[in-house]
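These notes are about the structure you will find just below.
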Amino acid sequence: MTRLLHLDASPRPGRAGSHDHGSHTRRLTHHFVSRWRTLEPDVEIIYRDIGLSSPQLTSVEWIEAAFTPIEQQTEPMRELLTESDALVDEVERADILVLGVPMYNFGPPAVFKAWIDNIIRINRTVDFDPQYGAHPHLPLEGYVPLLADRSRHAVLLSSRGGFDFDPGRPLAALNHLEPSVRTALQFIGIGGFHDIAIEHQEEGGDVLAASTESALARIDRLVERLHSEMAVPRLSQPA
């Protein structure tokens, strides 16, 4: 059985296409999860809505608690890390992270950055060992990705007010969303990364509709491909 972590970071509560002023990214994540359910009805869905309930921001007290060895943590430290521990547990359990993240001012919204800061945890999702060689995905020496124990995928589903932010396009250098998320997740060992975005949100009209339909079709193809790829290891396991 596949486990999906379905995360929405948009402050808009509804879905575009179904609700007035609804979120395009919520529409994309809902579409991905719904399509996966048609192929695997018993899929386990872990849902987290950080758009409506933001994770805590890092503080001096949080940093002190996170960098204190578990056996030395005080009860207030453990309480302070409760939410972060829950967020890390959700990522650890998931086979695929389905992340709905709009582009705000060329990068992710603050709530998503808070989520990233909560799940990149020393001794939980990453470690440091001077004897460790190069990171498998990044040119970093000594950093050990603790979530590289098995194959995991991240699917970043985004929306942009403008257009031409994809690699090779005129505004690619201004896109600080997909590259930063890819780096952060690969740093902790999530090697599979896929991104699909809706563009032309500010312009609207036919160009937005065409971009939306293209994104939905690409999601359909990605779901079929990932489901097929992940079914192979399941079928090859001994009875």
Exercise. Kindly say whether V207 contributes a backbone atom to a donor-acceptor pair with the side chain of S211 at under 3.5 angstrom?
Key: no
Self-check item: Nearest atoms (heavy-atom pairs only) where V101 meets S158
Solution: O-OG, 2.8 Å
Self-check item: Partner residues of D206 under the salt bridge (charged side-chain N to carboxylate O under 4.0 Å, His left out) criterion, sequence neighbours left out
Solution: none
Quiz item: Going by the salt bridge (charged side-chain N to carboxylate O under 4.0 Å, His left out) test, which pairs reach into residues 80-97, not counting sequence neighbours?
Solution: E44-R93, R48-E90, D85-R121, D85-R124, D89-R124, E92-R124, D95-R150
Quiz item: Do R160 side-chain atoms and A197 backbone N/O form a donor-acceptor pair below 3.5 Å?
Solution: no
Quiz item: Between A9 and P109, what is the shortest heavy-atom contact and its length?
Solution: O-CG, 4.2 Å
Quiz item: Take atom CZ in F193; do more than 12 heavy atoms of anything else shown fall under 6.0 Å from it?
Solution: yes
Self-check item: Expected output: side-chain N175 to main-chain D166 donor-acceptor under 3.5 Å
Solution: no
Quiz item: Partners of R27 by salt bridge (charged side-chain N to carboxylate O under 4.0 Å, His left out), sequence neighbours excluded?
Solution: none
Quiz item: What closest approach, in Å, do L87 and N118 show between heavy atoms, and which atom pair accounts for it?
Solution: CD1-CB, 3.7 Å
Exercise. Verify, without hydrogens or angle tests, whether Q56 (side chain) and L80 (backbone) share a donor-acceptor contact under 3.5 angstrom.
Key: yes
Quiz item: Hey, what else clusters with L146 if you join Ile, Leu, Val, Met, Phe, Trp, Tyr whenever side-chain heavy atoms sit under 4.5 Å?
Solution: Y132, V144
Practice problem: Say whether, by atom type as modelled, one donor and one acceptor occur between the side chain of T38 and the main chain of R35 under 3.5 angstrom. | Solution: yes
Quiz item: V91 and I190: side-chain contact (heavy atoms from CB on, under 4.5 Å), yes or no, with the steps?
Solution: CA-CA 10 Å; V91 174; I190 299 175; 4.0 Å; yes
Quiz item: S23: what forms a side chain to side chain donor-acceptor pair (under 3.5 Å) with it, not counting sequence neighbours?
Solution: S10, T25
Exercise. Kindly write out the residues that satisfy side chain to side chain donor-acceptor pair (under 3.5 Å) with D129, not counting sequence neighbours, or none if the list is empty.
Key: none
Practice problem: Please name all residues satisfying salt bridge (charged side-chain N to carboxylate O under 4.0 Å, His left out) with R218, sequence neighbours left out, ordered by chain then number. | Solution: none
Quiz prompt | Set of side chain to side chain donor-acceptor pair (under 3.5 Å) partners for S59, sequence neighbours left out | solution = E61
Practice problem: Return the set of residues passing salt bridge (charged side-chain N to carboxylate O under 4.0 Å, His left out) with R169 (not counting sequence neighbours), or none when no residue passes. | Solution: D164
Practice problem: Measure across I120 and T125 and return the closest heavy-atom pair with its distance rounded to 0.1 Å. | Solution: CA-OG1, 3.5 Å
Quiz item: What residue pairs, at least two apart or across chains, pass ring-ring contact (aromatic ring centres under 6.0 Å, His included) with a residue in residues 86-126?
Solution: F112-W115
Quiz item: Which pair of heavy atoms, one from H176 and one from P108, lies closest together, and at what distance?
Solution: O-CD, 4.0 Å
Quiz item: Is T212 reaching over with its side chain to a backbone N or O of L208, donor-acceptor style, under 3.5 angstrom?
Solution: yes
Exercise. Sorted by first residue and then second, give each ring-ring contact (aromatic ring centres under 6.0 Å, His included) pair with at least one member in residues 42-87; sequence neighbours left out.
Key: H6-Y47
Quiz item: Can you name the residues that form a side chain to side chain donor-acceptor pair (under 3.5 Å) with H31, not counting sequence neighbours?
Solution: D220
